[in-house]
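All values below come from the heavy atoms of this structure, side chains included, with hydrogens, waters and symmetry mates left out. So you know, we letter chains A, B, ... as the sequences are listed, proteins then strands, and number each from 1.
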Amino acid sequence: MPELPEVETVVKGLRPKMENCTFSRVEQRRKNLRIPFPRDFVERLENSTITSLWRRAKYILAELDSGEVLLMHLGMSGRFTIDETPPEQSGASPGRHDHVIFHMNNGAVITYTDPRRFGLMTLIDATRFHNHRLLKNIGIEPLGNELSGTFLAQCFAGKKTSLKAALLDQKNIAGLGNIYVCEALYRSCLSPLRRAATLARPGARAVERADGLAIAIRNVLSDAIAAGGSSLKDYVRTNGELGYFQHRFDVYDREGEECRRKTCSGRIKRIVQSGRSSFYCPRCQR
DNA sequence: CGGCATACCTGCAAGC
DNA sequence: TGCTTGCAGGTATGCC
């Protein structure tokens with residue numbers, strides 16, 4: 001499920017068990033995920049210490065004292081689970097989709113599970129990670145200071161594509177996925193079909209529209225992060241699972257149901273845009 | 001270059 | 001029950 005809020009929640013959950021901790025043992029149970037694991041992946045991790053753990057877009061980055069950065073992505077179905085009892089003591093054996101197991105020097109066993117294997121793990125040089133092919137073209141962080149109506153208006157100026165596609169494009173804004181784009185557009189009363197450039201088109205409403213969208217994006221994401229934190233209780237479930245939380249969506253997966261806006265009598269519609277579902281209220285989103 | 005379709009892989013729910 | 005189909009929250013690539 002991972003979009004920005006889920007990845008943020010995973011990072012917060014992993015931090016107490018990984019930051020300033022050392023990899024005692026690493027199990028790599030297959031040779032690739034979406035991309036191959038790097039050469040000597042296990043050897044390069046073992047006995048190195050994580051100096052800091054953070055998120056950029058939907059990537060999780062662990063800076064190591066070896067001078068490398070461990071770069072991880074959850075893809076569509078990746079998740080981490082933290083166990084305090086080593087499997088050899090609890091008697092549990094790894095599942096078919098448990099691809100990487102980190103044994104930390106604090107006793108935590110952190111398992112990466114990913115049925116669809118759209119996730120990835122790789123190691124990159126700390127001095128050059130900004131220029132790494134996976135990170136260099138990524139857009140602004142939506143929870144940082146750069147996101148504003150002015151930014152969106154400029155960024156989308158001249159774009160013929162839809163607002164939906166423009167918001168999904170990680171080169172513009174990093175971390176939004178299908179769900180939160182649908183939710184942000186709903187909150188700002190903008191249609192996913194609207195041409196991105198019209199956000200900036202001069203006119204009385206243009207500033208309002210762009211500012212409204214910027215605020216909606218920020219609020220949707222921070223609400224989801226807050227919900228994740230509270231429903232996971234310090235970001236870790238009792239079963240150790242991280243990053244999966246129930247969140248009540250206004251439009252996502254609500255095809256045919258009533259619009260939640262009190263002043264609106266519309267019904268949520270599902271359409272397909274560039275091969276993905278968009279959910280919106282055709283009555284109040286314009 | 002923009003915009004779209006496609007591919008990667010597995011699991012699950014719905015339909016027959 | 002069992003088979004087939006379509007769909008899933010991400011991203012890179014290739015084609016026009």
Side-chain angles (χ1 to χ4, degrees), chain A residues 1-10 29-37 55-60 71-80 94-100 112-122 132-139 142 155-186 192-198 217 220-221 223-225 227-228 231-232 241-256 268-280:
Chain A
M1 91 189 305
E3 297 185 31
L4 184 152
E6 291 76 26
V7 177
E8 183 67 27
T9 303
V10 168
R29 306 190 61 248
R30 53 176 300 123
K31 62 179 188 303
N32 66 291
L33 294 172
R34 195 181 87 210
I35 62 172
F37 284 94
R55 178 193 60 74
R56 167 78 174 111
K58 297 170 195 167
Y59 288 94
I60 299 168
L71 181 67
M72 300 177 276
H73 196 289
L74 302 173
M76 297 266 264
S77 58
R79 64 195 138 87
F80 282 100
R96 185 153 87 97
H97 303 301
D98 295 344
H99 305 308
V100 180
Y112 177 72
T113 309
D114 186 0
R116 291 176 75 180
R117 306 204 301 274
F118 287 174
L120 67 88
M121 286 194 196
T122 194
H132 189 273
R133 66 180 183 94
L134 295 170
L135 297 174
K136 69 179 174 199
N137 292 321
I138 285 177
C155 184
F156 292 177
K159 287 201 192 303
K160 286 195 201 141
T161 194
S162 65
L163 264 187
K164 172 76 189 293
L167 290 170
L168 227 33
D169 188 340
Q170 304 295 298
K171 292 192 286 303
N172 298 326
I173 304 173
L176 292 175
N178 204 31
I179 293 180
Y180 295 108
V181 167
C182 291
E183 296 297 309
L185 286 169
Y186 174 75
L193 294 164
R194 173 190 274 270
R195 278 184 51 177
T198 67
I217 290 168
V220 157
L221 297 177
D223 286 357
I225 291 171
S231 76
L232 276 181
E241 230 174 67
L242 285 174
Y244 279 59
F245 47 86
Q246 293 305 317
H247 194 65
R248 198 177 164 72
F249 301 120
D250 285 328
V251 286
Y252 184 80
D253 208 19
R254 292 193 65 239
E255 182 180 16
I268 306 308
K269 189 174 173 188
R270 184 180 85 96
I271 58 170
V272 175
Q273 291 179 283
S274 42
R276 331 239 359 214
S277 291
S278 291
F279 298 88
Y280 75 112

Applying side-chain hydrogen bond (donor to acceptor under 3.5 Å, both in side chains), can you list everything that pairs with A/T161, at least two apart in sequence or on another chain? none
What protein N or O atoms touch nucleotides 13-16 of chain C N or O atoms at under 3.5 angstrom, if any, and at what distances?
none

For a quick check of understanding: with a heavy-atom distance under 4.0 Å over all strands, which category does A/L134 fall into, base, sugar-phosphate or nothing? sugar-phosphate
Counting C-beta onward and ignoring hydrogens, is there a side-chain heavy-atom pair between A/V10 and A/P2 closer than 4.5 Å? no
Listed partners of A/F156 passing ring pair (Phe, Tyr, Trp, His ring centres under 6.0 Å), at least two apart: none
Sequence neighbours left out, what passes side-chain contact (heavy atoms from CB on, under 4.5 Å) with A/T198? Give chain and number order. A/R194, A/R195, A/R201
Who pairs with A/Q170 by side-chain hydrogen bond (donor to acceptor under 3.5 Å, both in side chains), at least two apart in sequence or on another chain? none
Distance check, C1' atoms only: C/dG9 and B/dG3, in whole angstrom units. 22 Å
Return no unless some side-chain N or O of A/R276 is found under 4.0 Å from OP1 or OP2 of C/dG9. yes
Mapping A/R270 and A/Q170 to their closest nucleotides on DNA chain C, which lands nearer the 5' end? A/R270
How many Å lie between OH on A/Y180 and P on C/dG9, as a whole number? 13 Å
Under the ring pair (Phe, Tyr, Trp, His ring centres under 6.0 Å) test, residues paired with A/H73 that sit two or more places apart: A/Y59
Pair pattern of DNA chain C in dot-bracket, where unpaired bases get dots and | marks partners in another strand, Watson-Crick or G-U under 3.5 angstrom: .|||||||.|||||||
Taking side-chain contact (heavy atoms from CB on, under 4.5 Å) as the definition, give me every residue that meets it alongside A/E8, ordered by chain and number, with sequence neighbours left out. A/K12, A/R55, A/I225
What's the CZ-P distance between A/R79 and C/dG10, to the nearest Å? 17 Å
I need the CD1-P distance between A/I60 and C/dT11, as an integer number of Å. 12 Å
Quick one: A/L74 CG to C/dG9 C1', roughly how many Å, whole number? 11 Å
Those residues that, when tested against A/Y280, pass ring pair (Phe, Tyr, Trp, His ring centres under 6.0 Å) (two or more places apart): none
Quick one, give me the B/S/- string for nucleotides 3-11 of chain B, reading 5' to 3', where B means a protein heavy atom under 4.0 Å from the base and S means that only happens at the primed atoms, P, OP1 or OP2. SSS--BBBS
Taking 4.0 Å as the cut-off, does a side-chain nitrogen or oxygen of A/Y252 come that near to OP1 or OP2 on C/dG9? yes
Return the set of residues passing side-chain hydrogen bond (donor to acceptor under 3.5 Å, both in side chains) with A/K58 (not counting sequence neighbours), or none when no residue passes. none
Has the side chain of A/R254 got a donor or acceptor atom that lies under 3.5 Å from a matching backbone atom of A/F279? no
Send over the distance from A/K171 NZ to C/dT11 P, rounded to a whole Å. 11 Å
How would you list, by chain and number, every residue that makes a side-chain hydrogen bond (donor to acceptor under 3.5 Å, both in side chains) with A/D253, sequence neighbours excluded? none
Can you tell me, in whole Å, how much space there is between the P of B/dG11 and that of C/dA12? 24 Å
Side-chain (A/E3) to main-chain (A/Y180) donor-acceptor, under 3.5 angstrom: yes
Nucleotide C/dC7, atom P - distance to CG of A/D253 in whole Å: 13 Å
Nucleotide C/dG10, atom P - distance to CG of A/L176 in whole Å: 10 Å
Whole-Å gap separating C1' (C/dT11) and CE (A/M72): 18 Å
